[in-house]
Amino acid sequence: MSFTTVAFFVFLLAGIVVYYVLPKNVQWIWLLILSYIYYFTFSIKASLFMVFATVTIYFGGIWLQNIQNTGDRYLKDNKETLSREDKKAYKESLRRKKRWVLFLILLLDFGMLAVVKYSNFAIENINSVLGLIGKEPIGLLGMGLPLGISFFTFQSVSYAIDVYQGKYECEKNIFKMGLFVSFFPQLLQGPIGRYDRLGKQLYSGHSFNLKNVEYGLQRIGWGLFKKVVIADRAAVLVLNVFNNYEAYSGFHYIMAVLMYSVDLYMDFSGGIDIVIGAAQMFGITMDENFRQPYFSRSISEFWRRWHITLGTWMKDYIFYPFSLSKSMAKFGKWSKKKFGNNVGKLLPVGLADILVFFVVGVWHGAAWKYIMYGIYNGVIVAGSGMLAPVYAKIQEKLHINPKKWWYQGFCIIRTFILVNIGFYFDMANDLRAANAMLVQTVTKAHISQLSMAAVKAVGLTSQDLLIVIAGCIIIFVVSLLKEKGINIRETIASYNIVIRWIIYIGFIMFILIYGSTSTTSDFIYANF
């Protein structure tokens, strides 16, 4: 039941009607039922993984909370008799117990993800080694990848870590925990929610609010425009080139990767728009996942604007724990002695950046191309941080004002080029194909290949190309207005009802007429 199907919108409409008819104290139960029905339409077997994640973090959270509560009571009851050293030793023993429980939770949840998502990748690499020494290969596991498993696993783990850190108390109701893990709009492609921001909204009752429904429909329409009008058209060219890269060369690859930057952004952000819009119709506000990423002036800024909830997850649960760990503190002191204060401060941060983006690459998929994609971004982010003082000196010597519009524009274009180079690894069939395409992009791209015939040769008609370009211009203008703080949605909603509905109906008709229904594909990130 994809977000672009009639069945989904019938399902959503029925769900909303029943939701607001029900008493507020049981609305969350209906959301839980809806969520499991929705996931069952894809695979009942796959839902067992979601149940496993729910059960693991629920009982793990209870266990962590009980350890903490028991410790707090003991310290309170014996505060007069325990010495300062005794209290310190007891607190340390509590931390050790909680660390072991958290380790078990992470082992179970990430272990499940690793087995399902990465087993065959590991077996394929083992088979490569076995082939070199003349041994029989190991058979691959016949296991399909449950949709959205990376998203609900990361969301579940964030809850367990937060309870371990004492950010909030554990959830006592296992069914409420089930809803937090399975909330159907976000289940397949995020955004990755946090319990303290999402949980209360899911469990609190909501009264019907016409503004929420109107704004939700606006956001859904915007997402459909991105997906079925732009992304699915761009995907035709992208798939034709990347899946048959040996039949093309040079400028065809440049076209394909530029079109992929369109396809990926419109597909993923369009899907998130539909998710946020659907949730808003239930009175629930989801975290934003994109903030005009192609206006970024550096790769690090790009990743703060792109897939924001994944970036903040990595920052909170990998970057800070690693960079602020005792080992990194020791490494920082050693670096300062060896390389000086500036490098000593920046080197641990750079290593943390590379680790984060390595994990981002692994998160994207079980293939060496994704690992290279992560390392590529990590090295650029870490290198940029290390070289920041050098850049500042160069700007000073050349009398460059970094706030000037022309320099900002240069930085945006430079970042866009670097992002697109990374997309070769993201979209190519494998690492070998990505490397070959990169080499030919540099060595065999000729301006003579720039023609409408070249575009048609990879499966895109002149009308489709015109629609994609027009759609990108519309997205660019709206994004530019958002950068300037102008809210288009509120502006439209402020018009009188006649003008407002003329705009809505006109937009719906445009999507129905120009939506690329013959080539509509699944959302890219639903497979992560």
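The chain is numbered in sequence order, starting from 1. Below, all heavy atoms of this structure are taken into account, side chains as well, without hydrogens, waters or symmetry copies.
Across all non-hydrogen atoms, the minimal contact from K117 to S150 is NZ-OG, 2.6 Å. Minimum heavy-atom separation, A231 to D263: O-OD1, 3.2 Å. Contact record, F49 with V116: CE2-CG2, 3.3 Å, taken as the closest heavy-atom pair.
Using a 4.0 Å cut-off between a side-chain N of Lys or Arg and a carboxylate O of Asp or Glu, E301 and R414 do not qualify as a salt bridge. Using a cut-off of 4.0 Å between Lys/Arg side-chain N and Asp/Glu carboxylate O, K167 and D196 are scored as salt-bridged. Taking a cutoff of 4.0 Å between a charged side-chain nitrogen and a carboxylate oxygen, R233 and D464 qualify as a salt bridge.
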Would I284 and L202 count as a side chain to side chain contact (heavy atoms under 4.5 Å, CB included) here? Give the steps. CA-CA 7 Å; I284 295 164; L202 291 173; 3.7 Å; yes
>> Does R197 form a salt bridge (charged side-chain N to carboxylate O under 4.0 Å, His left out) with D287? I'd like the steps, not just the answer.
In response: CA-CA 9 Å; R197 293 197 294 271; D287 291 332; 3.1 Å; yes
Derivation of the side chain to side chain contact (heavy atoms under 4.5 Å, CB included) call for M259 and L465 | CA-CA 10 Å; M259 201 61 79; L465 180 62; 4.1 Å; yes
Practice item. Applying side chain to side chain contact (heavy atoms under 4.5 Å, CB included), run through M286 and F183 and close with a yes or a no. Key: CA-CA 11 Å; M286 306 293 297; F183 183 47; 3.9 Å; yes
Report task. Decide yes or no on ring pair (Phe, Tyr, Trp, His ring centres under 6.0 Å) for F476 and F295, but give the supporting numbers first. Result -> CA-CA 10 Å; F476 173 79; F295 287 157; 5.7 Å; yes
Note to self: The test is side chain to side chain contact (heavy atoms under 4.5 Å, CB included); show your working for Y36 and V51 and say whether it passes.
What the structure shows: CA-CA 10 Å; Y36 270 88; V51 172; 3.7 Å; yes
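Using a 4.5 Å heavy-atom threshold, the side chains of I421 and I417 count as touching. With contacts defined as side-chain heavy-atom distances shorter than 4.5 Å, the pair L310/F154 qualifies. With contacts defined as side-chain heavy-atom distances shorter than 4.5 Å, the pair S158/Y317 qualifies. The shortest distance between side-chain heavy atoms of Y265 and F290 falls below 4.5 Å. Here the side chains of T312 and I192 are not in contact, with every heavy-atom distance at 4.5 Å or above. Counting only heavy atoms from C-beta outward, the side chains of Y424 and Y376 never approach each other to under 4.5 Å. Here the side chains of S296 and F416 are not in contact, with every heavy-atom distance at 4.5 Å or above. K326 has its side chain out of reach of F331: every pair of non-hydrogen atoms, C-beta onward, lies at least 4.5 Å apart.
Between the CG atom in L418 and the CD1 atom in I413 there is a gap of 12.0 Å [rounded to 0.5 Å]. The distance from atom CD1 of I318 to atom CZ of F358, rounded to the nearest 0.5 Å, is 10.5 Å. Taken from CG in L147 to CE in M50, the straight-line distance is 11.0 Å, to the nearest 0.5 Å. How far OG of S325 is from NZ of K330: 10.0 Å, rounded to the nearest 0.5 Å. Rounded to the nearest 0.5 Å, atoms CD1 (I161) and CG (L106) are 5.5 Å apart.
A donor-acceptor pair is defined here as one N or O able to donate and one able to accept, closer than 3.5 Å; such a pair exists between the side chain of R305 and the backbone of R291. At distances below 3.5 Å, not a single donor-acceptor pair connects side-chain atoms of N244 with backbone N or O atoms of A247. The backbone N or O of T285 lies less than 3.5 Å from a partner atom in the side chain of Q201, making a donor-acceptor pair. Formation of a donor-acceptor pair under 3.5 Å by the Q395 side chain with backbone atoms of I400 is not found in this model. Listed for the N289 side chain is a donor-acceptor partner under 3.5 Å among the backbone atoms of T309.
The six-membered or imidazole ring of Y373 lies away from that of F425, with a centre-to-centre distance of 6.0 Å or more. Separation of the W363 and H307 ring centroids falls under the 6.0 Å cut-off. Under the 6.0 Å cut-off for aromatic ring centres, Y195 and F180 qualify, their centroids lying closer than that. Between W368 and F121, the ring center distance clears the sub-6.0 Å criterion.
The aromatic rings of Y38 and F42 sit perpendicular to each other, their planes meeting at more than 60°, with 30° as the lower class boundary.
Results of the ring pair (Phe, Tyr, Trp, His ring centres under 6.0 Å) test with F423 over F242, Y253, Y260 single out Y260 as the only residue that passes. Each of Q292, K226, E288, K227 was evaluated against S269; a single residue qualifies, K226, per the side chain to side chain donor-acceptor pair (under 3.5 Å) test.
No more than 12 heavy atoms of other residues, nucleotides or ligands sit less than 6.0 Å from atom CZ of F103.
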